[in-house]
Amino acid sequence: MSETVEIFEVGPRDGLQNEARRIPTDQKVALVDCLSTAGFRRIEVASFVSPKWVPQMADSAQVLTRIARAPGVRYAALTPNMRGFEDARAAGADEVAIFGAASEGFSRANINASIAESLERFAPVMQAAQAAEMRVRGYVSCVTDCPYDGAIEPASVARVAGRLFEMGCYEISLGDTIGQATPERIDAMLAAVSQVVPVDRLAGHYHDTGGHALDNIEASLERGLRVFDAAVGGLGGCPYAPGAAGNVATEAVHDRLTKAGYRTGLDSDVLARAADMARKMRAG
Ligand code: HMG
Ligand code: MG
């Protein structure tokens, strides 16, 4: 029996957050509803951040309350602080994510806090989530390169990933935010991070700006990772990472994994339909 690799769909959040055109809530709900029939176990659909910082995510509560929830799918949301956590919980998020960075420059630009301040801000979110029995995922951005600080040392990534894991994150998603990583650098970064977080608690979150995301996934598979974030249709980017193009496309990851003999549990016809919807949303 072939081994399973999970694709964590982040298109409705990481994919859409960077779109300049305001996408109607109905279209977001329709995309999530389509994705809900594809076989994903987790879909990131919302982000409870300041609407001044990311206007596209301002209707996150409406999206979460209006989607048709499929059994067995967990719907996730980003929550940078207590206000975000409370709003996500009220809207019915099944799990939340706190998001930090391995570089000071990106941390400041993205969440207006130093790395140390961000970890302090996450602590009450973690406590509240634990009290509510909600799982918390942790992101680390800029795991090889930062748009502000340049190349990032593997040890800096390991430090932040280790702190998020110690705080109670059930999984740490490692973000190549600006898509500049290469397999060799991903390998070196994973060698350091896997000293402090077990590999079965790590996920790869690779943007495809430099065209190496699929090779970076392959390097990560060799290190034992079995969860990868991707966005249908290759949507995405981060408004606070200049030049960051889309997340690696879910359908491309699915194809690469399937050809390599892994099972994803995903229906490629539904993925193709969702990718088509995503591309039309981007085109307007
Ligand atoms: P701040 O300005 O330092 O915080 O922003 P503040 O507490 O002073 O609040 C400023 C304003 O935002 C206030 O409103 C607050 O009420 C409001 P005002 O008084 O000016 O009218 N506010 C909120 N509103 C709604 N929901 C909230 C909330 N919190 C405060 N939760 C803050 C700090 C964290 C809020 C801000 O920097 C922010 O929202 N940043 C989010 C940026 C973001 O979403 N980036 C993209 C996601 S990360 C990413 O894409 C990377 C990832 O994909 C991995 C990878 O690829 O590497 C995960
Ligand atoms: Mg991202």
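Side-chain atoms are counted along with the backbone in the values below, which use heavy atoms only and exclude waters and symmetry mates. When a ligand or atom number is given, it counts from 1 through the structure's own listing order.
- Donor-acceptor pairing under 3.5 Å is recorded for the side chains of His207 and Asp14.
- The shell of residues lying under 4.0 angstrom from ligand 1, judged by heavy atoms, excludes Met57.
- Within the 4.0 Å heavy-atom criterion, neither part of Val10 lies near ligand 1.
- Residue Gly84 approaches ligand 1 through these ligand atoms, each under 4.0 Å from one of its heavy atoms: 31 (N).
- With ligand atoms numbered from 1 in the order given, ligand 1 contributes 56 (O) to contacts under 4.0 Å with heavy atoms of His207.
- Contacts of Tyr139 with ligand 1, taken as heavy-atom pairs under 4.0 Å, involve the side chain alone.
- At a 4.0 Å heavy-atom cut-off, ligand 1 touches Val49 through backbone and side chain alike.
- Between the side chains of His254 and Thr264, at least one donor N or O sits under 3.5 Å from an acceptor N or O.
- Judged purely by distance below 3.5 Å, without hydrogens or angles, the side chains of Tyr170 and Glu95 pair a donor atom with an acceptor atom.
- Residue Pro51 approaches ligand 1 through these ligand atoms, each under 4.0 Å from one of its heavy atoms: 24 (N), 25 (C).
- Every atom of ligand 1 with a heavy atom of Asn110 under 4.0 Å away is listed here by number and element: 37 (O), 40 (N), 41 (C), 42 (C), 43 (C), 45 (N), 46 (C), 48 (S).
- Side-chain N or O atoms of Glu117 include one that pairs as donor or acceptor with a backbone N or O of Ser114 at under 3.5 Å.
- Ligand 1 places these atoms under 4.0 Å from at least one heavy atom of Asn112: 1 (P), 2 (O), 3 (O).
- Counting atoms of ligand 1 from 1 in the listed order, those under 4.0 Å from a heavy atom of Gly175 are 57 (O).
- Panel note: side chain Asp176, backbone Ala181; a donor-acceptor pair is recorded below 3.5 Å.
- When heavy-atom distances to ligand 1 are checked against a 4.0 Å cut-off, Arg137 has no atom that comes that close, whether in backbone or side chain.
- Proximity of Pro80 to ligand 1, defined as any heavy-atom pair under 4.0 Å, is confined to the side chain (atoms from C-beta onward).
- At least one N/O/S atom of Asp14, from backbone or side chain, sits under 2.8 Å from the Mg ion (ligand 2).
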Report all side-chain donor-acceptor pairs from residues 149-169 shorter than 3.5 Å, counting only partners two or more places apart or in another chain.
unit_1, atom_1, unit_2, atom_2, d
Asp149, OD2, Glu104, N, 3.3
Asp149, OD2, Gly105, N, 2.8

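- The residue Gln56 has no part lying near ligand 1, judged by heavy-atom distances below 4.0 Å.
- Between the side chains of Glu9 and Thr250, at least one donor N or O sits under 3.5 Å from an acceptor N or O.
- Residue-level proximity to ligand 1 for Asn81 is carried by the side chain, the only part with a heavy atom below 4.0 angstrom.
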